[in-house]
Structures are given as C-alpha cells and as structure tokens.
> 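Before anything else, here's the structure in question.
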Amino acid sequence: MPPRKKARTSETTASSGGEAAPKRRKVSVGKDGSNSAGSPEHSHWLMKSEPESRSENGIDMKFGIEDLKALPNQTSCWDGVRNYQARNFMRQMKEGQLAFFYHSNCKDPGIAGLMRIVKEAYVDHTQFDKKDVHYDAGSKPDNPKWSMVPTRGHTPGLVPVDVQYQRMLKRFLPLSELKKHHLQHRAGGGPLRDMALFTRARLSVQPLTPEEFDFILSLEDQEPL
DNA sequence: GCCAACGTTGGC
DNA sequence: GCCAACGTTGGC
C-alpha cells in the first residue's frame, strides 16, 4: 500500500460536501474560484506533504520527495486528502500537468521538486448502473464499494490522482524566500502577489497560475533572496 | 510545543 | 442558516 499524505485519524470523510448530491447543485463559484461547471482551468499545482516522521494514530506521516523518488516507477497515489477544496482541485488535475512537491510541517518548509500527474482522479460509475455487469445494488454513489479506495482521508468514491517524481529543483526553495517575493509582489506587483500558499495557508493541494509557476521555477537559477 | 488561522461540526 | 465550540494545519 502506498504511503499516505496528510492522512489523519480514523475519521471517514463524510459525503456532506456536496459532490454526492447529484442534482440541484447550484453552479456556484467557490472561494477557490472553481465551480461545479469547471470554469477556470488550472494547469499547475502545488501539493504539500510532510518529509519528517510524525506518528498520527500509529501511522507514520513521513512522505517527502525522496520517498516518492524511491518508490517503484517513482510513482505514488496521492491519497489522504480530506479537505474538500483540496479534493476538488485534485479532481481537476489532468494527466501530464506539473506540480510542485512542497515540504510542510517540518524544520525546513519549502518547494523541493517537481512531479507530474500520471493518473487522474476518477469515480467508477459502473457499479451504480443497473445495466452494467459491475452493478451492485448495495453500492450507493455516496458510498461506493468497488474499485474505490474508501479508506480514511478521502471521500469514498474518489480514486485520487497518481503522481510521478519528475526532478528535484536545482536548489531547495524555502518558504521564507517565497514569502519575501510574495510580500514584494504585494507591495509592488508581481506574479506571486496572490499565491495560494500565502492567501490560503492551510490548503494542501492548490493551483498555481502559469505565471506563478514560471516565476517560481525561475528562482532555482537565481541566488537566494 | 505553542498557538494563530481557519475549516468543520452541531445546537439552536 | 447562524455562529460558537472544536479540531486541524503548519509556521515558528
């Protein structure tokens, strides 16, 4: 079983978040700017994980970029996300898109490297379809039984994305440095003005604009601020 | 280990 | 649907 990212406690994620409600959804714009009709397409991502050992309910939370790199295929399922916004972002991810691997809750927080989305999140719908061979009367959309990973940490019915290690950044980009740029850009304009890492501090899966992504990548060739 | 920020829960 | 209490995140 692949390691968990941000998995927390034995609480099962309830389906109260709205996805399970199939009809009557208002196409409302969330705080994150995304909506159920899928308006703004995000193309780049930042995903947080903890590189240092920490036991939570007997589970070691450690999963840094080196751990991803060491796996077969350098690929892992990014499970354990149980925040609805984060989960919704994961559902928007498209194969081939790039994400920063961010080290959080550790001595040295910051962006360590790059990974790529190699499998998109999906829900297996066949089990709900009476005409399908996989139909299971006991499986309900808000609690699917098959091909799902209804373990702690993510909504039953969602198979989370798979990510593959791409490369380390040429140098580690510490949060402190990113924050300096963010503050500068707040004051004088610049691509990191509204970066979610600072404006939505607790979001563990977040989108980046291409401008944010490119700017951050350009930092690896520069002296630290 | 502290604690601020903020998301979630549940009573009303 | 409001909002206070509670729990979690995550930098420091």
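Within every chain, numbering begins at 1; the chains are lettered A, B, ... in the order of the sequence lines, protein sequences first and strands thereafter. Scope of the values below: all heavy atoms of this structure, side chains included, with no hydrogens, waters or symmetry mates.
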> Should the pair A:His185 and A:Phe215 be assigned to parallel (<30°), tilted (30 to 60°) or perpendicular (>60°) ring geometry?
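If you compare the ring of A:His185 with that of A:Phe215, the planes turn out perpendicular.
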> Are any of A:Lys179's side-chain N or O atoms less than 4.0 Å away from OP1 or OP2 of C:dC12?
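Yes.
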> Measure across A:Leu68 and A:Gln164 and return the closest heavy-atom pair with its distance rounded to 0.1 Å.
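The pair with the smallest heavy-atom distance is CD2-C, 4.3 Å.
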> Rounded to whole Å, please give me the gap between CG in A:Leu178 and P in C:dG10.
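After rounding, the reported distance stands at 15 Å.
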> Nearest whole Å is fine: how far is C:dG10 P from A:Arg54 CZ?
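Going from CZ in A:Arg54 over to P in C:dG10 covers 10 Å.
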> Give me the atom names and distance for the closest heavy-atom approach of A:Phe100 to A:Ile111.
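Closest heavy-atom pair between A:Phe100 and A:Ile111: CD2-CG2, 3.6 Å.
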> Indicate yes or no: at least one non-hydrogen side-chain atom of A:Arg171 is less than 4.5 angstrom from one of A:Pro224.
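A side-chain contact exists here, since the closest heavy-atom pair is under 4.5 Å.
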> If you round to the nearest 0.5 Å, how far is CG of A:Asn105 from CD of A:Glu50?
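If I round to the nearest 0.5 Å, the distance is 4.5 Å.
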> A:Arg202 has a side chain; which of C:dT8, C:dC12, B:dT8 sits nearest to it?
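Ranking C:dT8, C:dC12, B:dT8 by closest atom to the A:Arg202 side chain puts C:dT8 first.
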> Report the distance from atom CD of A:Glu56 to atom C1' of C:dG10, rounded to the nearest whole Å.
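Result: 12 Å.
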> Can you tell me how far P of B:dA5 sits from CG of A:Leu197, to the nearest Å?
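For the pair A:Leu197 CG and B:dA5 P, the rounded distance is 16 Å.
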> Taking 4.0 Å as the cut-off, does a side-chain nitrogen or oxygen of A:Lys48 come that near to OP1 or OP2 on C:dG10?
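Yes.
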> Between A:Arg200 and C:dT9, is there a contact of a side-chain N or O with OP1 or OP2 at under 4.0 Å?
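A:Arg200 to C:dT9 OP1/OP2: no side-chain N or O under 4.0 Å.
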> Side chain of A:Tyr84 only, please: which of C:dG10, B:dT8, C:dG11 is the nearest?
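That would be B:dT8.
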> Using atom CD of A:Glu52 as one end and atom P of C:dG11 as the other, report the distance to the nearest whole Å.
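The distance from CD of A:Glu52 to P of C:dG11 comes to 11 Å, rounded to the nearest Å.
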> Rounding to a whole Å, what distance do you find between A:Asn105:CG and B:dC3:P?
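Rounded to whole Å, this separation is 17 Å.
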> State whether A:Tyr102 places a side-chain N or O below 4.0 Å from either non-bridging phosphate oxygen (OP1 or OP2) of C:dG11.
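Yes, A:Tyr102 has a side-chain N/O under 4.0 Å of OP1/OP2 on C:dG11.
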> Nearest whole angstrom, please: distance from the P of C:dT8 to the CD of A:Glu50.
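Checked: the CD to P distance equals 13 Å.
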> Between B:dG7 atom P and A:Phe89 atom CZ, what is the distance in whole Å?
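In whole Å, B:dG7 P and A:Phe89 CZ are 12 Å from each other.
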